A.B. asks: 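I'd like to ask you about the structure that follows.
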Number of protein chains: 2
Amino acid sequence: MQLVERTSPRKQQIEKQATVLFKSKGYAASSMRDLAQALGIEAASLYSHIRSKQQILHKICFEMAREFFKAIHKIDEITPVLKLQAAIASHFKVITRHPNATAVFFTEWRHLEEPALTEFLALRSQYEQYYIDTIQQGITAGNFKNIDHKLAMMTILSAINWTHQWYRPTGKLSVDEIADQLSQLLINGLGNTSK
Amino acid sequence: MQLVERTSPRKQQIEKQATVLFKSKGYAASSMRDLAQALGIEAASLYSHIRSKQQILHKICFEMAREFFKAIHKIDEITPVLKLQAAIASHFKVITRHPNATAVFFTEWRHLEEPALTEFLALRSQYEQYYIDTIQQGITAGNFKNIDHKLAMMTILSAINWTHQWYRPTGKLSVDEIADQLSQLLINGLGNTSK
DNA sequence: CCTACCGATCGGTAGG
DNA sequence: CCTACCGATCGGTAGG
C-alpha cells in the first residue's frame, strides 16, 4: 500500500529536461514540441505525464523556493555577522546543488500565472525579510555600518544569485572558497584595511 | 539637405513602447499585435516604420551597450579606488537614466539572433574586462584584498545591475546617495570596522 | 505513447 | 496606416 504519492520516473525525466530547456531558451520561447523532441517522443505524449507547461514552471519555482527557505531554517548562529555569513553560504550552496532549476527560478518566475505569481512574490518578500532583519540586528548591535537595509539586502542577494551565471563546478575555486570570498567581499569589502 | 539619417518621431514612439512591453512581458512573450494595440494601430502598420521585432531588440541592446561604454570612457581618475567608485556611480546612473531600456538589455539580450548575439557577448566581456583590470590594479597597488578578480567583478556588476529591479525615482534615497552607499558597501563592506 | 487534429496566435507581406 | 491574408507554430485534446 503506497500512501505517499510518488512522481513517476518518466515525469521526473520530463521535468528535468524542461528545466534545462527553460533555462537555455526561456519559458515563453520553449515549446512543448522542443521538449518532446529532446525526449524522443511526440508532443501529445507529454500530456500523459504532465498537466501543462505552466504546471512544470510552477513546480520548479515553488520547489526552489522551498529549498531556499530550508537553507535559512537550518541556521542556528546567533550573532548577526555569523548569521549573515551562514545565510550567504547556504544560499549559494542551493544554487550549486540545483544550477538549472535555480536559473529558471531566478529568470522565469514572472511567467507564472495568477494566483501563483502573487503567492511567489509573497514568498520572495518573506525570504528577503530574513536578510533585512539580520542586517537590522547587525546595525543595532554595532556590527554593521548604518546603511539602507533594503539596499544592503538587495546587494547581497543579487551578488549571490548572479553566481548561477558564472559558477562552474570545474572552475578553479571550490564551492567553499567561493562562499568564503563572497562573505568576505560583502561583509568586509574589497578594500584592504590592513594597509 | 539632410545628411544625418534621423529617426522619425513615430519610429521612436514605437521603439519606446516596445521597450516598455519587452520589459514587462519579456521579448518572446510580447507580440507585435500587443505592441500595435498599445499604440492604437494595426500590427501590419508597424512595418511601415520598423523592419522586424528582432531589429527593435537589437537597437535597444546595442544602444545601451554604447551608453555603458560611454560612462566608462569618461572616467579620468587614476587610483584604482577612485576609478572603481567612479565606474560604479556612472554605471548606476546609466540605469537610472534608461530604466526600461537597461532592463531589456539585462534580461532579453539572449533573444538576439546571430551574429548579433556573439557580437553582444564580446562587448560584454570587453566591458567586464575594465572592472577586472581595475581590480587587478588595486590588488597590485595594495589597495584591494587579494580576491578572485572575476568573482569581485561579478559581485560588483550584479549588485549595480540589480538596482534596476528595486530603484524608484520616488524612493527615499537619491541617485547620488545610492551610488555612494553601493560604493561604500562594495569597497568597504557592510562590517563596521570602527568598532 | 501514437495519429490526427482543434482553434488561436504568431511575425510578416501584398497591395493599396 | 488599413484590409486581407500567408504559412508556421503554438498548447492542448480525443480517441485509441
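Below, chain A is the first sequence line, B the second, and so on; all start at residue 1. Every value quoted in this text rests on a predicted model; they were computed, and no experiment measured them.
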A.B. asks: Without decimals, in angstroms, what is the distance between Asp34(A) CG and dA8(D) P?
C.D. replies: 17 Å
A.B. asks: Figure out the NE2/C1' separation between His49(A) and dC1(C), and round it to whole Å.
C.D. replies: 8 Å
A.B. asks: Who passes ring-ring contact (aromatic ring centres under 6.0 Å, His included) against Phe144(A), sequence neighbours left out?
C.D. replies: none
A.B. asks: Find the distance Leu46(A):CG to dC1(C):C1' and express it as a whole number of Å.
C.D. replies: 10 Å
A.B. asks: Quick one: list whatever passes side chain to side chain contact (heavy atoms under 4.5 Å, CB included) with Asp148(B), sequence neighbours left out.
C.D. replies: Lys172(A), Leu173(A), Gln181(A), Lys150(B), Leu151(B)
A.B. asks: Tell me every residue that passes side chain to side chain donor-acceptor pair (under 3.5 Å) with His58(B), counting only those two or more places apart in sequence or in another chain.
C.D. replies: none
A.B. asks: Asp34(B): which residues meet the side chain to side chain contact (heavy atoms under 4.5 Å, CB included) condition with it, sequence neighbours left out?
C.D. replies: Leu21(B), Lys25(B), Ser31(B)
A.B. asks: Would you indicate whether the side-chain heavy atoms of Trp109(B) and Ile60(B) approach each other to under 4.5 Å?
C.D. replies: no
A.B. asks: Determine whether the aromatic ring centres of Phe68(B) and Phe105(B) lie less than 6.0 Å apart.
C.D. replies: yes
A.B. asks: Do Ser125(B) and Gln129(B) pair up side chain to side chain, a donor and an acceptor below 3.5 Å, judged on atom types alone?
C.D. replies: no
A.B. asks: Can you tell me how far P of dT3(C) sits from CD of Glu42(A), to the nearest Å?
C.D. replies: 5 Å
A.B. asks: Using whole Å, what does the distance between atom C1' of nucleotide dC10(C) and atom CD of Gln37(B) come to?
C.D. replies: 15 Å
A.B. asks: Using a cutoff of under 3.5 Å, can you pull out all pairs of nitrogen or oxygen atoms linking the protein to nucleotides 11-16 of chain C, with atom names and distances?
C.D. replies:
| residue | atom | partner | partner atom | Å |
| --- | --- | --- | --- | --- |
| dG11(C) | OP1 | Ser30(B) | O | 3.2 |
| dG11(C) | OP1 | Lys53(B) | NZ | 3.0 |
| dG11(C) | OP2 | Met32(B) | N | 2.8 |
| dG11(C) | N7 | Arg33(B) | NH1 | 2.7 |
| dG11(C) | O6 | Arg33(B) | NH2 | 3.0 |
| dG12(C) | OP2 | Tyr47(B) | OH | 2.9 |
| dG12(C) | OP2 | Lys53(B) | N | 2.9 |

A.B. asks: Rounding to a whole Å, what distance do you find between Lys11(A):NZ and dC1(C):P?
C.D. replies: 14 Å
A.B. asks: With Watson-Crick and G-U wobble geometry limited to distances under 3.5 Å, how should the secondary structure of DNA chain C be encoded in dot-bracket form, using | for bases paired to another strand and [ ] for crossing pairs?
C.D. replies: ||||||||||||||||
A.B. asks: What integer distance in Å separates Leu21(A):CG from dC10(D):P?
C.D. replies: 11 Å
A.B. asks: For the ring pair His91(B) and Tyr127(B), is the centre-to-centre distance below 6.0 Å?
C.D. replies: yes
